[in-house]
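The block underneath contains the structure these notes are about, expressed in structure tokens.
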Amino acid sequence: MVRAFAFLLVAGLAGCATSAPAPIYRQPSTPSYQPPPSYGPSVYDSAGRAPVHSMLIACNRANGSNIGEVNYDYSLVQYTPYLDTPAGPLLRAPTEGACLSSGFGYRGSLDRGRQHNGVDLANPNGGYIYAAGEGVIAFADYRGGFGNTIEIDHGRGVRTLYAHMAEFDTRLQRGSRVYAGQPIGRMGMTGNATGVHLHYEVFVDGLLVDPMHYGRPPVYVSAPAPDIAYLPDEEPIDDDKPSD
Ligand SMILES: [Zn+2]
């Protein structure tokens with residue numbers, strides 16, 4: 001017990017001894033979170049392209065809102081890495097590695113809830129954020145509750161938005177071209193955010209769409225076929241009746 005305590009003490013002192021260089025990000029939401037140290041734009045040159053995730057896990061045992069169907073291991077049922085848009089395929093989860101903490105749609109109670117216009121991909125350790133597809137930077141700046149934000153115009157009426165970034169590649173400006181999977185920034189919690197995550201929005205023809213479900217075939221539900229012989233004769237089928 002004493003030995004364990006001594007080890008913790010030494011480890012604690014060792015942790016204090018190292019000092020990270022000052023980060024570039026603009027506004028930390030809470031003092032407890034320290035974004036990863038920035039080493040300048042070159043870090044984005046060596047970061048590599050976006051990984052393609054074959055599955056996406058729901059955070060917190062799928063306890064978030066609008067997560068959708070999950071498997072026994074909390075991976076999303078029917079997850080595919082790309083969503084098909086008029087501008088071509090876009091990554092559904094353009095992060096280095098994160099879980100889905102909140103889905104698209106209305107959350108909370110009817111009187112006190114609000115619409116969530118994107119999906120939240122969370123990782124307390126941060127990580128890179130990538131361009132979901134090829135395009136042109138339409139916005140790269142700090143934007144109120146969104147914090148450090150990037151918007152990419154993919155053409156044909158398709159846009160993506162990335163919010164709460166710890167920082168972004170400062171060479172990116174309005175008009176800069178990005179390739180599909182290009183590292184554009186790092187995950188953080190700037191603006192109005194309670195944890196380190198990417199808030200990701202996808203617009204198609206001016207409408208916000210669900211990045212997890214857009215372009216996916218509908219889920220077919222099956223039920224046991226009724227045994228015709230036991231159906232009552234005199235029950236008329238009435239389409240106006242609410243079904244149970
Ligand atoms: Zn969000």
Side-chain angles (χ1 to χ4, degrees), residues 29-30 32-33 35-36 49-85 89-110 112-133 145-150 160-166 180-181 183-204 207-222:
S29 297
T30 67
S32 61
Y33 171 65
R49 216 167 165 148
V52 176
H53 304 291
S54 61
M55 67 194 303
L56 184 65
I57 306 285
C59 311
N60 309 316
R61 299 176 177 230
N63 222 2
S65 58
N66 301 319
I67 296 296
E69 279 186 281
V70 294
N71 295 305
Y72 68 95
D73 60 353
Y74 303 111
S75 63
L76 268 65
V77 172
Q78 286 204 331
Y79 175 78
T80 56
Y82 294 104
L83 66 152
D84 288 317
T85 74
L90 300 178
L91 287 168
R92 290 196 199 273
T95 63
E96 188 176 359
C99 55
L100 181 67
S101 62
S102 188
F104 177 92
Y106 201 80
R107 61 186 179 190
S109 58
L110 275 176
R112 297 188 59 186
R114 60 184 290 210
Q115 166 73 18
H116 188 221
N117 287 336
V119 294
D120 292 341
L121 296 157
N123 184 342
N125 299 315
Y128 285 104
I129 292 168
Y130 306 92
F146 272 173
N148 287 325
T149 303
I150 280 191
T160 49
L161 179 146
Y162 314 78
H164 306 309
M165 292 171 143
I184 54 173
R186 297 216 263 182
M187 201 180 283
M189 51 184 297
T190 53
N192 185 14
T194 52
V196 179
H197 74 282
L198 164 67
H199 172 86
Y200 175 48
E201 294 184 0
V202 178
F203 301 76
V204 176
L207 294 174
L208 284 154
V209 301
D210 181 348
M212 289 302 144
H213 295 90
Y214 182 81
R216 223 172 60 172
V219 179
Y220 291 100
V221 184
S222 61

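Please read these numbers as outputs of a predicted model, since none were measured by experiment. We're numbering straight along the sequence, starting at 1.
Qualifying side-chain hydrogen bond (donor to acceptor under 3.5 Å, both in side chains) partners for D210, counting only residues two or more places apart in sequence or in other chains: H213. Scored by the side-chain hydrogen bond (donor to acceptor under 3.5 Å, both in side chains) test, S75 finds N71, D73 as partners (sequence neighbours excluded). Qualifying ring pair (Phe, Tyr, Trp, His ring centres under 6.0 Å) partners for Y128, counting only residues two or more places apart in sequence or in other chains: Y44. Taking Y130 as the reference, nothing meets the ring pair (Phe, Tyr, Trp, His ring centres under 6.0 Å) condition, with sequence neighbours excluded. Checked against side-chain contact (heavy atoms from CB on, under 4.5 Å), E201 has the following partners two or more places apart in sequence or in another chain: N117, F146, L161, H199, F203, L208. By the salt bridge (Lys or Arg N to Asp or Glu O under 4.0 Å) test, R107 is found to be paired with D120, residues two or more places apart in sequence or in another chain being considered.
Taken from SG in C99 to CD1 in I67, the straight-line distance is 8.5 Å, to the nearest 0.5 Å. Of the inter-residue distances, the one linking L56 atom CG with L121 atom CG reads 6.0 Å to the nearest 0.5 angstrom. Expressed to the nearest 0.5 Å, how far CG of L76 lies from CE of M55 amounts to 9.0 Å. Here Y74 contributes atom OH and R61 contributes atom CZ; the two are 4.5 Å apart, rounded to the nearest 0.5 Å. Remark: N60 CG to S102 OG distance equals 10.5 Å, nearest 0.5 Å.
For the pair L198/P94, a side-chain contact is recorded, criterion being any heavy-atom separation below 4.5 Å from C-beta on. No side-chain heavy atom of I129 sits less than 4.5 Å from a side-chain heavy atom of R186. Looking at heavy atoms from C-beta onward, T95 lies in side-chain contact with M187 at the 4.5 angstrom threshold.
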With side-chain contact (heavy atoms from CB on, under 4.5 Å) as the test, would you mind laying out the steps for L100 and M212 before giving the verdict? CA-CA 10 Å; L100 181 67; M212 289 302 144; 4.3 Å; yes
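Under 3.5 Å, the side chains of T160 and Y162 contain a donor-acceptor pair of N or O atoms.
Although no hydrogens or angles enter the test, the distance criterion places a donor-acceptor pair under 3.5 Å between the side chain of H116 and the main chain of G118. Between the side chain of N148 and the backbone N or O of M165, at least one donor-acceptor pair lies under 3.5 Å. No donor-acceptor pair closer than 3.5 Å links the side chain of R92 to the backbone N or O of P81. Without hydrogens or angle criteria, N123 side chain to G126 main chain gives a donor-acceptor distance under 3.5 Å. H164 places a side-chain N or O within 3.5 Å of a backbone atom of T190 that can act as its donor or acceptor partner.
The shortest non-hydrogen separation linking L91 to A50 is CD1-CB, 3.7 Å.
For the side-chain contact (heavy atoms from CB on, under 4.5 Å) with Y214, the lone residue among V204, V202, L207 that qualifies is V204.
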